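Bear in mind the structure is a predicted one, so any value in this text is a computation, not a measurement. Chain A is the first sequence line, chain B the second, and so forth, proteins listed ahead of strands; every chain is numbered from 1. Worth knowing before you read on, the calculation uses all heavy atoms, side chains too, and leaves out hydrogens, waters and symmetry mates.
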There are 2 protein chains.
Amino acid sequence: MKSAVETGYHLDSVDKEIIYMLMDNAKTSLSHISKNVGISTTAVHQRIKKLEQAGVIENSISFLNPRKIGYKVVSYIGVFLDQPSHYHDAVKALKEVNEVVEAHYTTGNYTIFLKVLCRDNDHLMEILNKLQKLKGVTRTETFISLEQSINRQLKV
Amino acid sequence: MKSAVETGYHLDSVDKEIIYMLMDNAKTSLSHISKNVGISTTAVHQRIKKLEQAGVIENSISFLNPRKIGYKVVSYIGVFLDQPSHYHDAVKALKEVNEVVEAHYTTGNYTIFLKVLCRDNDHLMEILNKLQKLKGVTRTETFISLEQSINRQLKV
DNA sequence: AATGAAAACCCCTCTTT
DNA sequence: AAAGAGGGGTTTTCATT
């Protein structure tokens, strides 16, 4: 038998139904969930508390739609560093750049891999210039998203 | 004067304070926000409703922590298609693959760019095999995230 | 746009099985 | 692990400025 550390928290079908409803809308009421899954609101509440304590369900956040406030360009940027040892300094500098919403230390071609949101292509150029001036950055490679056809959370 | 279509919905400082609180925690109560920004709960409520109707604030969702249910590998995969015309068929097929959480039609090297969540490297290999069998796919290139150092929403 | 008050609803705890 | 009942807080509406 595998341990929970390896396989993760075990979700039964009721847990999954609850989680999917909350993943779709964090403000779904207990009574609504209760009617859907067929157990009392108290039971739903107990399960959610357990899932939160286990860390399976994390915080809930509201989304700001970047497009609606004028941010229309989504891009991914691969960053080459001259030395991987510059990674931590680079991340520190990247945190100061609001347009950078994700940063990963990756295997493969790049040292750091970014997701960047910009208003338009001129704005993206500005950000690219800023990135290329960071210490240790030798080169960048940019992929602009022309259309995001899938955007969702994991289904298990 | 620029139109709202170009510049987006205009957010005043109070709107921004409200949005940042909700972006941090979707369940922040109106009374808590009210105390923080210095207007009544009703006024906060009215502003949130306006922002929701304008689409600036989108749905709020709860996060499932993939790691806690055994999904420990985050990767980005660039997909080469023999013909861009196969894009829509490919997206349709990709939607059936639960592990694919983002798909973008991009400029640059790749035709399609994916974010994929897997349990482990063996699981990732399975997914890569599956992707390479899709019609029109000639080659893939994978970046595994060893560490995600930034993960946040846009700040404006 | 903002306010206070009232109504409706919801979360959460307690007790019990 | 689940259920019902009750108190306290929250959202939502309404009338007013």
Side-chain angles (χ1 to χ4, degrees), chain A residues 1-65 68-70 153 156, chain B residues 1-65 68-70 153 156:
Chain A
M1 184 184 163
K2 290 188 185 177
S3 75
V5 177
E6 284 171 37
T7 58
Y9 189 101
H10 178 259
L11 304 172
D12 68 15
S13 63
V14 175
D15 288 328
K16 285 187 188 177
E17 278 190 82
I18 293 173
I19 287 176
Y20 291 143
M21 291 186 83
L22 292 175
M23 279 166 68
D24 190 57
N25 177 7
K27 286 171 181 164
T28 313
S29 71
L30 296 181
S31 63
H32 189 209
I33 297 173
S34 160
K35 279 164 199 151
N36 235 275
V37 304
I39 59 176
S40 73
T41 57
T42 314
V44 174
H45 184 237
Q46 282 175 358
R47 279 172 178 264
I48 292 175
K49 245 174 101 177
K50 253 190 85 179
L51 290 165
E52 284 174 344
Q53 278 162 1
V56 175
I57 298 177
E58 292 189 311
N59 56 335
S60 62
I61 66 170
S62 293
F63 279 111
L64 169 68
N65 184 339
K68 294 284 180 174
I69 53 167
Q153 288 197 74
V156 283
Chain B
M1 181 182 165
K2 290 187 183 176
S3 75
V5 179
E6 284 172 40
T7 59
Y9 189 101
H10 178 259
L11 304 173
D12 68 16
S13 61
V14 175
D15 287 328
K16 286 187 188 179
E17 280 189 80
I18 293 172
I19 288 176
Y20 290 142
M21 292 188 82
L22 292 174
M23 280 166 68
D24 190 58
N25 176 7
K27 286 171 181 164
T28 311
S29 72
L30 297 181
S31 62
H32 189 208
I33 297 172
S34 161
K35 280 164 199 152
N36 234 276
V37 304
I39 58 176
S40 72
T41 57
T42 314
V44 174
H45 183 238
Q46 282 176 358
R47 277 172 180 264
I48 292 174
K49 247 176 101 176
K50 253 192 87 180
L51 290 164
E52 285 173 344
Q53 277 162 1
V56 175
I57 297 177
E58 291 190 312
N59 56 336
S60 62
I61 67 168
S62 293
F63 280 112
L64 170 66
N65 184 337
K68 294 284 180 176
I69 53 167
Q153 288 196 71
V156 283

Hey, does B/Asn25 have a side-chain heavy atom less than 4.5 Å from the side chain of A/Ser60?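 They are in side-chain contact.
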Return no unless some side-chain N or O of [X] is found under 4.0 Å from OP1 or OP2 of [N].
X: B/His45; N: D/dT11; result: no
X: B/Lys50; N: C/dA1; result: yes
X: A/Lys49; N: C/dT13; result: yes

Nearest-neighbour nucleotide for the [X] side chain, [options] considered:
X: B/Arg47; options: C/dA1, D/dT11, C/dT3; result: C/dA1
X: B/Ala43; options: D/dT10, C/dT3, D/dA2; result: C/dT3
X: A/Leu30; options: D/dT11, C/dC11, D/dA2; result: C/dC11

Would you state whether a donor and an acceptor, one from the side chain of B/Thr42 and one from the base of C/dG4, lie under 3.5 Å apart? yes
So which heavy atom on [X] is nearest to which on [Y], and how close?
X: A/Ser62; Y: B/Gln153; result: O-NE2, 2.9 Å
X: B/Ile48; Y: B/Leu30; result: CD1-CD2, 3.8 Å
X: A/Lys68; Y: B/Gly55; result: CG-O, 3.4 Å

For a quick check of understanding: with a heavy-atom distance under 4.0 Å over all strands, which category does A/Thr41 fall into, base, sugar-phosphate or nothing? nothing
